[in-house]
Amino acid sequence: MRIESVAAYAFGPFVGETLRLAPGMTVIWGRNEAGKSSWHAALYFGLCGRRRGSGQPSREERVLRARHEPWDGGRWEVGATLSLEDGRRIELRHDLRGLVNCTAIDLGLGGRDCSGEIVVGNDAPDAARWLGLDRRTFLAVACVRQGDLLAVRQNGQLIQDHLQRGAATGGADESAAMALERIDQYRRDHVGANHRTAVGPLRRATVAVERARADLQSAVVEHEAYGELRARLGELEDAEGAARAVLYRTEVARSKVEASPPSRALQEQVEEARQRVERASSRQVSVKLLLVAVVISMLGAALGVLGEDRVLQLAGAALLLISCGLAILGIGRRDAKATAEALDVLGAAEAALSSDREQRIRAAHEAQTAAFRTYEATARAAAEARAQLDERMRGLLSVAEAEEALALAEADLARIKELERVLELTGSFLLRAQERVHRSVAPRLAEQVSGWLPRVTDGRYVQALVDPATLAIGVREASGPWREAALLSHGTAEQVYLLLRVALADQLTRAGEVCPLILDDPTPHFDDQRTVAMLDLLLQVAETRQVILFSQETEVLGWAERRLSEPRHRLWRLPGRHLLG
Amino acid sequence: MKLVYFADLHLDAPFAWLGGSQLAARRRRQSLRETLGTIIRLADVIHADALLCGGDLFEQARYTPDTIAFLERAFEEIEPMPVYLAPGNHDWYGPESPYRQAHWSSNVHIFTEDRLQPVPLQDGLTLWGAAHRAPARTLGFLDDFKVDRGGVHLALFHGSERSGFLAGEAGHQPHAPFDAAQTERSGLHHALVGHYHRPRDAERYTYPGNPDFLTFGEDGERGAVVVTVLPDGRVERERHRVGMTEAHDLTLSVTGSSSQQEVRDRLRVLTGNRRGVARVTVEGEFDPRVDLHVGDLMDVPHGLDGLLVRLGQLRPAYDLRVIAEEPTIRGQFVRDVLGAELDEEDRRRVLLVGLRALEGQTELDPFG
């Protein structure tokens, strides 16, 4: 690709101005405030346009807009005419404000709009696409800013960093190593370790799952215990009801016993015994005594009548008295023994009668007491179970909520583990891609730089080496040891960096196309000799690609006046001061 | 004879898919109770002869004492209308079952045997019911079953009609399986069956479907079924929507969104004045710089009972074809990932994380 001209229709301080560029090397020289930066930006926007898309513009876009948007608020348009390696000539025109009227006209095909070739998605046309780049990578690959060289001068390590970034993303973004470190850092921040003392997200999520699992287990156990207790209470309430029924029955039985008459048989026995006692205790005539009394009275009478003497008569009278006594005894005698026996029987019968009633009442009482105790025990057990149930109900955890909490915790843990897996997978892909590209690009970069190195260093360094693992750069003298580029003198480091930029641009540009090189005041820190050497190098580079160099150095102006000749090359002196606004 | 039949209410079911919103889950459980209230009012209003439940009224492993008290009161309210309950695999009739322990009003009849038992509904009309007595491995109730009397015979149980199982009732094990033909062979005129959540009106059996929303993906006219039993044993069925939950399965396109705030705004507009529950699938092409954390999107203010946001077919607006042509590590990375044997979700995430890392972004996992 070669940029033939840049047309600033309305851009920054320019209105309707055109910058014509040579196919080889163009030096655009001007003093401060002459408009170099504006032309540099016009060149970039004329080629790549401005990002079309929703969302907030990046910081760089905002800066560019602030610096180069016409202040009158009117149209903001820029364009470029370029020729591609396939022979086509394209006229680009970018409506930077509306981003609508952006065209890429193929001048060789009667004005066909070929912007579709360089539009991705909803974006505006971007001619860097023809190079296999985009507007971001074009900036990183084709444009060498003064700050880049200054940074390399201050830190030679940046050469390697730039190479790594270039190999990774064309220099537009991070290097693969930085991306891998970023992934690693992200894993530390968002996953972390999972050992016992770890405190990262993975450990926290693991602990949360364990806790939620334990909570669910507790909830389930509590729920089961509640169910068991409820079932147990049901059994106890059944038993309580049964005991209450038994108690009621015994109460009724006792009342009946207490109200019931004594046993009829025993009552009859008592009555009989009582009669017997009565009988036994009544007076009875003793026939024997009466007979004895009669005999004695007869004997007494005989003695009294027949007795002659007074003694016999007295004896007879005595016998009569005795017989009278016996007769009295015989007539009114009571049988004490039988009475005693009858009384004993009566006592026994009465005792039996009494005992039988007491026993029956006692038995009824005892039955009632036992039933009451049973009821009391079952009622107490039921009450206790009821109280336990109430207590358990108060502390009952919702199983459903515990399950939901566990599901949430498990989902969080699964998400983190999934993230860990994706990060590992991404890291492995990125690492492999890095190794593969480094292995491929390192020798080609080394070869290309080695071809130019003796010329730019006045033959001091003859060979360059690029480490495929790290893309670290080394150079060496004809018979000397390898030296890290980071440790070279400032000037040499800048030169090596510039050579690598050119080499890298070749590596990153689509096959068949050549990427122009645009340099913004690259030599302010060079001594005269190295400035000339660098410019000579760029002139050689310009044999195969377009080189556009913006400068305010008088040494550069002098060199350009001496060395550049049209039509292959051109020196463009900016006419005067283009103050913004 | 007019019956109101429902099944699979699943009181106290967990709603883990709501993403851990305890309040939303509680609302869902409350909504299930309100649905039972609606069913009971329906039975009352149409002067049904009986209310029947074909199992999974509640969840044995999760029921709360309050739920049982609620059921006791609910069925007591319609006394003397008979209520017939046939326990299912989730509310199986075991020693500790609330069915056994609750203080049911006298109008509640619970089938407790694992084989069909008869209950006369009226002269010449017998209801055969059975219970699951274990949470699994319940044999088919119609295996070796034959009615033993004349008249019209209905069955009420929780079981799996085999063709339905083969048709892929997601997440349902074949509990108490039966074939449609068994219904007729056994002498039953119609079986009122629960278990499958997808409603189905077959010639000889009826699945009412879960009456209120349980999860997304439920289709069909679900609810309570008013079953009119004709003298010849045929039934007329009239479905009534009783679940008041509005479920919205929505798609949110993020194409063209330039920030998470814009996505949130779109989500707010999408959920707008909707009520009930919504599942929002985020799809489309998104700016790779936009962070689409699902957790952040769930925070969007809404008037729904529950909001679930999930990521669908999302494509970061990288032109992978162009990047793959780069001779850079990024290009190589994209080529390698595109050519690798990965499932598409992995491929998408790996590409996104890798490209964001190479861009130097701090948030590598925008969907995390």
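Below, each value reflects all heavy atoms present in this structure, side chains not excepted, and no hydrogens, waters or symmetry copies. Note that the structure is a prediction, hence the values are computed from the model and not measured. Each chain gets a letter, A, B and so on, in the order the sequences are listed, and its residues count up from 1.
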Look at the rings of A:Tyr226 and B:Tyr63 and say which category their plane angle falls in: under 30° parallel, 30 to 60° tilted, over 60° perpendicular.
-> tilted
Is the closest side-chain heavy-atom distance between B:Glu96 and A:Leu229 below 4.5 Å?
-> no
Proximity breakdown for A:Ala167 and chain B, heavy-atom pairs closer than 4.5 Å | both
Heavy-atom distance under 4.5 Å to chain B: side chain of A:Glu224, backbone, both or neither?
-> backbone
Got a sec: does the CZ of B:Arg335 have more than 12 other heavy atoms crowding it under 6.0 Å?
-> yes
Okay, B:Thr362 and chain A: the region with an atom under 4.5 Å from a heavy atom over there is both
In terms of heavy-atom proximity below 4.5 Å to chain A, should B:Ile68 be classed as side chain, backbone, both, or neither?
-> side chain
Would A:Thr137 and B:Arg330 count as a side chain to side chain contact (heavy atoms under 4.5 Å, CB included) if you check the C-alpha gap in whole Å, the side-chain angles of each, and the deciding distance to 0.1 Å?
-> CA-CA 12 Å; A:Thr137 49; B:Arg330 178 169 59 185; 3.6 Å; yes
Whatever's closer than 4.5 Å to a heavy atom in chain B on A:Ser175 counts as backbone
Chain B contacts, top residue of A:Met178, A:Gln185, A:His190, A:Glu418 (heavy-atom pairs, under 4.5 Å) | A:Glu418
With distance as the sole test, does A:Glu404 use its side chain to make a donor-acceptor pair with the main-chain N or O of B:Phe15 at under 3.5 Å?
-> yes
Of the backbone (N, CA, C, O) and the side chain (C-beta and beyond), which part of B:Asp346 lies under 4.5 Å from a heavy atom of chain A, both, or neither?
-> side chain
If you count heavy-atom pairs under 4.5 Å with chain A, which of B:Pro65, B:Gly94, B:Ala13, B:Ala16 comes out on top?
-> B:Pro65
Contacting moiety of B:Val337, where chain A heavy atoms sit under 4.5 Å | both
Residue part contacting chain A, namely of B:Glu59, when any heavy atom lies under 4.5 Å | neither
Could you check A:Phe429 against B:Leu342 for side chain to side chain contact (heavy atoms under 4.5 Å, CB included), going step by step and ending with a plain yes or no?
-> CA-CA 12 Å; A:Phe429 270 107; B:Leu342 297 172; 4.0 Å; yes
Report the option among A:Ala168, A:Ala411, A:Gly227, A:Gly166 that has the most heavy-atom pairs separated by less than 4.5 Å from atoms of chain B.
-> A:Ala168
For A:Ala176, is it the side chain, the backbone, both or neither that has a heavy atom under 4.5 Å from a heavy atom of chain B?
-> both
Using non-hydrogen atoms and a 4.5 Å limit, figure out which bit of A:Glu228 sits close to chain B: side chain, backbone, both or neither.
-> both
Do A:Leu431 and B:Phe333 touch side chain to side chain, with heavy atoms closer than 4.5 Å?
-> no
Side chain, backbone, both or neither: which part of B:Gln101 has a heavy atom under 4.5 Å from chain A?
-> both
Checking A:Arg129 against chain B: side chain, backbone, both or neither under 4.5 Å from a heavy atom?
-> side chain
Given a strict heavy-atom distance threshold of 4.5 Å, which part of B:Leu351 is in contact with chain A: side chain, backbone, both, or neither?
-> neither
Below 4.5 Å from any heavy atom of chain B, which atoms of A:Arg436 appear? Answer side chain, backbone, both or neither.
-> side chain
B:Arg26 portion near chain A, given a 4.5 angstrom heavy-atom threshold | side chain
Pairwise side-chain contact, A:Glu401 with B:Gln22, heavy-atom cut-off 4.5 Å (strictly under) | yes
Measuring heavy-atom distances to chain A, does B:Glu285 have an atom under 4.5 Å in its side chain, in its backbone, in both, or in neither?
-> neither
A:Arg165 portion near chain B, given a 4.5 angstrom heavy-atom threshold | neither
Measure distances from A:Leu430 to the heavy atoms of chain B and classify the residue's part below 4.5 Å as side chain, backbone, both or neither.
-> both
B:Arg29 portion near chain A, given a 4.5 angstrom heavy-atom threshold = side chain
Check whether any side-chain heavy atom of B:Arg349 sits under 4.5 Å from a side-chain heavy atom of A:Leu419, and report yes or no.
-> yes
Step by step, would you call B:Thr64 with A:Leu396 a side chain to side chain contact (heavy atoms under 4.5 Å, CB included)?
-> CA-CA 8 Å; B:Thr64 66; A:Leu396 200 60; 5.6 Å; no
